[in-house]
Amino acid sequence: METLKHYDSLTTTLQHRRERLAQLIDFPVILWSGLRSSRNYPDNVFPFRASSHFLYFAGLPLENAAICLNQGKLELFMDEDSPASALWHGEMPKREEIAQTIGADAAFTLSELPSRAKGAATVAVQNATTCLQQAQILDRPVAPADVCTGIDQELVKAIASLRLCHDTGALSMLRQAAVVTVEAHKAGMKATPTAKVEAAVRGAMEGVIIAHNMTCAYSSIVTVHGEVLHNEQYHHPLQPGDLLLADVGAETVAGWAADITRTWPVTGKFSTTQRDLYDVVLAAHDACIDKIRPGIEYRDLHLLAASVIAQGLVDLGILRGQVSDLVEMDAHALFFPHGVGHLLGLDVHDMEDFGDLAGYEEGRVRSDRFGLSYLRLNRPLKAGMLVTIEPGFYQVPAILNDPSLRSKYQEVVDWERLTQFADVRGIRIEDDVLVTEEGSDVLTAALPTDADTVEQLVMTVA
Ligand code: GLY
Ligand code: MN
Ligand code: MN
């Protein structure tokens, strides 16, 4: 953990969060931070990532700690390092010092935690060992957050309502993650002309994130096979004519994330067909961002992106028919099969451990429509929400060669014309947009999206 001096302004933010929680629920809450998972043997561990709900109320990435929140009060439970741990990992701040930094009312060893268990609600953490401890200490089963019931479910709803709209403390962190992510993408563009394989560009991008003492908020996607939506392979050579899709985001030490995608030509020059499709995706991206303001339905933004993409594909001769009919029959989803974005915060898909409880307004459920089933957010937008806008165009063999889809959309796709766009496998353009009282603020706007400037960014640095 960083020196505690970095967290000077934390206390007020955390105090405010727990007071707001206390206005929503009247039972005690215990939140666990979790443990590291081992790789192959206990002393070699994966990097530690504290539970996001713990981070929201405790602010610091403390390992193997718990907090009890009750009527606006905060108690911290953690053990201090053994001398052996200090030998290998260095001295950690003392429990009292940490308690002071986060504004805790009291601090105890973990052995005291069971005394607070009676009637307490919790959120299951992802780490299985910690999850077992949760059940042992609370002396009851603890179900995963997306299917929990009773007071745990009440807690989940309360936390979701707080975390949906970001406070100033969160926004300051989210802006820091966005700034570093923009720099990482510029470094990726700069590295591309001399890179031989995707991994070299990934290294340049993640290098910026690491150099700012941040980590990646999710597994980076840096690929010439953008049609594999969450591609995690980096070995492909970069060849003239390829588009490179980079979806890379930084996460601050306290866990706040950014999530940007850009797609650029490896030579620094789009082909005509690549630019045509790039401009279709960009038109969808811009149209959605233009519409963002409080009260707008996120689902309508998704459908707007679908319409703009369908219109663009009609104009290019790839789709045939009326745009409204094409969207209604999900023809756009052949090429844009995912939702237009999601909530962003402490998790890149914020609060997705709650299933759709955070992303979907109460009473709404996922559609089973081909063009809507991957929509992760279906709520009216409110000031303080941070969402991604990330339309795309992909030629996914598993979709385009599927016999039933092929036959369903036989008449509305000009399959012959489509073959002329074979040099586009995947394009996505993704920005992080804060909903404000007046409209929106694109936190990642410093990274250009227009094709000319993207070309210049790749070429001028070659
Ligand atoms: N980076 C994952 C996503 O954009 O959803
Ligand atoms: Mn995203
Ligand atoms: Mn992304």
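Heads up: numbering here begins at 1 and tracks the sequence. For ligands, and for the atoms within them, numbers begin at 1 and follow the listed sequence. The model shown is predicted, which means the values in this text are computed figures rather than measured ones.
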Hey, is Arg36 close enough to Asp43 for a salt bridge, meaning N to O under 4.0 Å?
no
For [X], counting its heavy atoms only, list the atoms of ligand 1 lying under 4.0 Å from any of them.
X      : value
Tyr218 : 1 (N)
Asp247 : 1 (N), 2 (C), 3 (C), 4 (O)
His342 : 3 (C), 4 (O), 5 (O)
Glu430 : 4 (O)

Applying side-chain hydrogen bond (donor to acceptor under 3.5 Å, both in side chains) between Ser52 and each of Asp347, Asp350, Asp353, report the one that passes.
Asp347
Under 4.0 angstrom from ligand 1, any heavy atom of His230?
yes
Which class fits the ring pair Phe370 and Tyr409: parallel under 30°, tilted 30 to 60°, perpendicular over 60°?
tilted
Scan side-chain atoms only and decide if Asp452 and Gln456 contain a donor-acceptor pair under the 3.5 Å cut-off.
no
If only side-chain N and O atoms count, and only distance matters, is there a donor-acceptor pair under 3.5 Å linking Asp259 with Thr388?
no
The atom of Glu390 among N, O or S that is nearest the Mn ion (ligand 2) is OE2
Does the shortest distance from the Mn ion (ligand 2) to an N/O/S atom of His342 fall below 2.8 Å?
yes
Please confirm whether the ring centroid of Tyr218 lies under 6.0 Å from the ring centroid of His349.
no
Flag the pair His302 / Phe336 as yes when their ring centroid distance falls below 6.0 Å, and as no otherwise.
yes
Within 2.8 Å of the Mn ion (ligand 3), is there any N, O or S atom belonging to Glu430?
yes
The atom name of the N, O or S atom in Asp259 nearest to the Mn ion (ligand 3) is OD1
Is the side chain of Ser367 donor-acceptor paired with the backbone N or O of Arg369 at a distance under 3.5 Å, no angle test?
yes
Is there any N or O on Arg428 that sits under 3.5 Å from an N or O of ligand 1?
no
To which protein heavy atom is atom 5 (O) of ligand 1 closest, and what is the distance rounded to 0.1 Å?
His349 NE2, 2.7 Å
